[in-house]
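FYI, the numbering just counts along the sequence from 1.
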Amino acid sequence: MKDGMTQESTILMVINQNDYWFGGMKLSPLQEILQISNKLPVPVLNDIKQRIGDWLASGGNEDDPYIEQQLRFARRFVDENKGCDQ
């Protein structure tokens, strides 16, 4: 643990504003979407859920670039709507 950091501050930290880590392990794109899901309005979250579900049902994998694309959309939505009532 780095000097001045508490255990709590190291449990979840943002690396390069793109990768989330939890307990020393990098989160998958799906796990990252779950981390920010409380910041997304229900219609947006339902859309992402439907798209990912369709992708997985058609034979896609959880670590495919398409899932990362959905994460980028979710992050962008959160960033663009900071401070707005949803």
| remark: Residue set satisfying side-chain contact (heavy atoms from CB on, under 4.5 Å) with Asn61, at least two apart, ordered chain then number -> Asp63, Asp64

| request: Not counting sequence neighbours, which residues clear side-chain contact (heavy atoms from CB on, under 4.5 Å) with Leu45? List them please. | output: Ser37, Leu40

| field | Candidate pair Lys39 and Lys82, rule side chain to side chain contact (heavy atoms under 4.5 Å, CB included), full reasoning | value | CA-CA 9 Å; Lys39 299 175 183 176; Lys82 285 183 180 174; over 6 Å; no

| message | Which residues pass the side-chain contact (heavy atoms from CB on, under 4.5 Å) test with Leu30, not counting sequence neighbours? | response | Ser28, Ile52, Glu62, Ile67

| Partners passing ring pair (Phe, Tyr, Trp, His ring centres under 6.0 Å) against Tyr66 (at least two apart in sequence or in another chain) | Trp55

| task | Mind checking the CG-CD spacing from Leu71 to Gln31? Nearest 0.5 Å is all I need. | result | 11.0 Å

| field | Residue list, salt bridge (Lys or Arg N to Asp or Glu O under 4.0 Å) with Asp47, at least two apart or on another chain | value | Arg51

| message | Could you work out, with side-chain hydrogen bond (donor to acceptor under 3.5 Å, both in side chains) as the rule, every residue matching Asp54, not counting sequence neighbours? | response | Gln50

